[in-house]
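Side-chain atoms are counted along with the backbone in the values below, which use heavy atoms only and exclude waters and symmetry mates.
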Amino acid sequence: MVDVRERPIGVFDSGFGGLTVMRSLIDLMPDESLVYIGDTGRYPYGNKPADVVRGFAIELANSLVRDHGAKMIVVACNTASSVALDALAASLTVPVIGVIEPGARALARVTHNGKVGVIGTVGTIASRAYDDAIEATGADVVLTSAACPGLVEFVERDQTDGEEVTLLAKRLLSPVREAGVDALLLGCTHYPYLAPVIQRVMGDGVVLVSSANETAFAVRELLESRGLAAPTGSNAERRFFSSGDVDWFATLGRRLLGPELGDVSAWHSGAAS
């Protein structure tokens, strides 16, 4: 029998964005094994109906548990977290964590003027999941939200700077700029790769908040509280799967994550990985 503590953490995202969460998990918990599925064959999620994204999330999470023995699921995608977290928690026998609540707590914590913003995909913003998460913190803040269609596609094409993406960012970020926010949550795991552009557009007086680190801390806390944390010195393995072009995922993924991203295998919808 395999010690449940040595089973991997399962992580999924619509594509490359969840690698920001993977980076934080690797750095914070080097003894944990990880399995990541990037659903690049079906991205982006942000413009798809909620029930479609929910179906994708359930399929990916079930694959991670069934095919890889995941002891926990991390939904490293804001859109999927916003529409599927409750369904996943109800259907799975392992703990599930999303990126929205940890990010909301961090956003409320860093503001000084009480004016905060969140940017995300159309699906995430329309779900009002961040409105609910911020309200749940009890913080006395005013939240301004802005949907940013198109930014994910720039990251997936490895175009994270330049005039074209800057012009789009200026247009999309205008609501949060005009609201005078002093803290902005990057409410999509792809957006940290665009942080230099977003920071230039928002100005140095605005703190950018990424949910990746906060999510990793929440994962560690939950694992420790449930007695599921890997023993110190465990032989940690990291496995990566993509539902799209595995060669492209490997090439871009290594640039985004680092050398920990080794071979990439194909993941097929409707079949065992």
- When you look at Glu214 and Arg109, which way does the salt bridge (Lys or Arg N to Asp or Glu O under 4.0 Å) test go after all the steps? CA-CA 12 Å; Glu214 298 298 326; Arg109 191 166 59 241; 3.0 Å; yes
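- For the atom pair CD1 (Ile37) and CZ (Phe12), the distance works out to 8.5 Å, reported to the nearest 0.5 Å.
- Residue Asp204 holds its CG atom at 6.0 Å from CD of Gln199, rounded to the nearest 0.5 Å.
- Remark: the Thr124 side chain and the Thr79 side chain contain an N/O donor-acceptor pair separated by less than 3.5 Å.
- Listed here is the closest heavy atom pair of Asp247 and Asp245: N-OD1, 3.0 Å.
- No path of Ile, Leu, Val, Met, Phe, Trp and Tyr side chains, each step under 4.5 Å between heavy atoms, connects Leu60 with Val99, placing them in separate hydrophobic clusters.
- The closest side-chain donor-acceptor pair between Tyr45 and Asp39 falls under 3.5 angstrom.
- When the side chains of ILVMFWY residues are joined at heavy-atom separations under 4.5 Å, either directly or via intervening members, Val219 and Leu257 end up in a single hydrophobic cluster.
- Between Asp27 and Arg23, at least one side-chain nitrogen of the basic residue sits less than 4.0 Å from a carboxylate oxygen of the acidic one, meeting the salt-bridge criterion.
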- Task: Tell me, with the steps shown, if Phe241 and His68 meet ring-ring contact (aromatic ring centres under 6.0 Å, His included).
- Result: CA-CA 11 Å; Phe241 295 82; His68 303 287; 4.9 Å; yes
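- Geometric assessment of Arg42 against the ring of Phe56 yields a positive cation-pi assignment under the 6.0 Å and 45° thresholds.
- The two residues Val176 and Ala146 come nearest to each other via the heavy atoms CG1-CB, 4.3 Å.
- Of all heavy-atom pairs between Leu222 and Pro95, the closest is CD2-CB, 3.7 Å.
- With Ser33 contributing its side chain and Glu237 its backbone, the two residues share a donor-acceptor pair below 3.5 Å.
- Proximity of a side-chain donor or acceptor of Ser234 to a complementary backbone N or O of Pro231 within less than 3.5 Å is detected.
- Using a distance-only test at 3.5 Å, with no hydrogens or angles considered, a donor-acceptor pair links the side chain of Glu32 to the main chain of Ala230.
- One finds no salt bridge joining Asp182 and Lys115 here, because no Lys/Arg side-chain nitrogen approaches an Asp/Glu carboxylate oxygen to under 4.0 Å.
- Nearest heavy atoms, Asn78 versus Thr189: ND2-N, 3.2 Å.
- Side-chain contact check for Val152 versus Tyr191: some heavy-atom pair is nearer than 4.5 Å.
- Here Leu167 sits alone; no ILVMFWY side chain lies under 4.5 Å from its own, so it joins no hydrophobic cluster.
- Applying the 6.0 Å contact sphere to CD of Gln159 captures more than 12 heavy atoms from other residues, nucleotides or ligands.
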- Task: Walk me through it: do Val96 and Val75 pass the test side chain to side chain contact (heavy atoms under 4.5 Å, CB included)?
- Result: CA-CA 7 Å; Val96 181; Val75 186; 4.0 Å; yes
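- Listed for the Arg5 side chain is no donor-acceptor partner under 3.5 Å among the backbone atoms of Leu228.
- Using a cutoff of 4.0 Å between basic side-chain nitrogens and carboxylate oxygens, Glu6 and Lys71 are not scored as salt-bridged.
- Between Phe240 and Asp263, every side-chain heavy-atom pair lies at or beyond the 4.5 Å cut-off.
- Within 6.0 Å of the CZ atom in Arg200, the count of heavy atoms belonging to other residues, nucleotides or ligands exceeds 12.
- Within the 4.5 Å cutoff, the side chain of Asn47 has no heavy atoms near those of the Val122 side chain.
- Side-chain contact check for Val165 versus Thr160: every heavy-atom pair is 4.5 Å or farther apart.
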- Please step through side chain to side chain contact (heavy atoms under 4.5 Å, CB included) for the pair Ile198 and Ile119, ending with a clear verdict. CA-CA 10 Å; Ile198 295 171; Ile119 54 174; 4.0 Å; yes
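- Other residues, nucleotides and ligands contribute at most 12 non-hydrogen atoms within 6.0 Å of the CG atom of Asp140.
- Judged purely by atom type and a 3.5 angstrom limit, Thr40 uses its side chain to pair as donor or acceptor with the backbone of Gly244.
- Within the hydrophobic cluster formed by Ile, Leu, Val, Met, Phe, Trp and Tyr side chains joined at under 4.5 Å, directly or through other members, Val141 is accompanied by Ile100, Leu107, Val110, Val116, Val118, Ile125, Tyr130, Ile134, Leu143, Leu185, Val207, Val209.
- Between Pro30 and Ala236, the shortest heavy-atom distance links the atoms O-CB, 3.3 Å.
- Between Val35 and Val11, every side-chain heavy-atom pair lies at or beyond the 4.5 Å cut-off.
- At a threshold of 4.5 Å between side-chain heavy atoms, the hydrophobic network of Ile, Leu, Val, Met, Phe, Trp and Tyr places Val74 and Leu88 in two separate groups.
- When all heavy atoms are compared, the tightest approach of Gly180 to Asn113 is O-ND2, 3.1 Å.
- The backbone N or O of Gly262 lies less than 3.5 Å from a partner atom in the side chain of Arg254, making a donor-acceptor pair.
- Judged purely by distance below 3.5 Å, without hydrogens or angles, the side chains of Trp267 and Ser63 pair a donor atom with an acceptor atom.
- Side chains of Asn62 and Leu92 form a contact here, defined as non-hydrogen atoms less than 4.5 Å apart.
- Rounding to the nearest 0.5 Å gives a distance of 6.5 Å between CE of Met72 and CD1 of Ile9.
- When side chains are defined from C-beta on, Arg255 counts as touching Asp158, because their heavy atoms get closer than 4.5 Å.
- Here the side chains of His190 and Ser14 are in contact, with some heavy-atom distance below 4.5 Å.
- Between the side chain of Thr144 and the backbone N or O of Ala179, no donor-acceptor pair lies under 3.5 Å.
- Here the CG atom belonging to Leu172 is positioned 12.0 Å from the CZ atom belonging to Arg177, to the nearest 0.5 angstrom.
- By the 6.0 Å and 45° rule, Arg157 stacks over the aromatic ring of Phe154.
- There is a path of hydrophobic side-chain contacts, each under 4.5 Å, that joins Leu34 to Leu223.
- Here Leu186 contributes atom CG and Leu194 contributes atom CG; the two are 9.0 Å apart, rounded to the nearest 0.5 Å.
- More than 12 heavy-atom neighbours from other residues, nucleotides or ligands sit within 6.0 angstrom of CG on Asp132.
- Remark: the backbone N or O of Trp248 is not paired with any side-chain donor or acceptor of Thr251 at under 3.5 angstrom.
- A salt bridge does not link Arg54 to Glu59: none of the charged nitrogens lies less than 4.0 Å from a carboxylate oxygen.
- In the hydrophobic clustering of this structure, Leu173 groups with Val206; members are Ile, Leu, Val, Met, Phe, Trp, Tyr whose side-chain heavy atoms approach within less than 4.5 Å, directly or through other members.
- Using a 30° and 60° split on the angle between ring planes, Phe16 and Phe249 fall in the parallel class, below 30°.
- From Glu101, atom CD reaches atom OG of Ser211 across 12.0 Å, with rounding to the nearest 0.5 Å.
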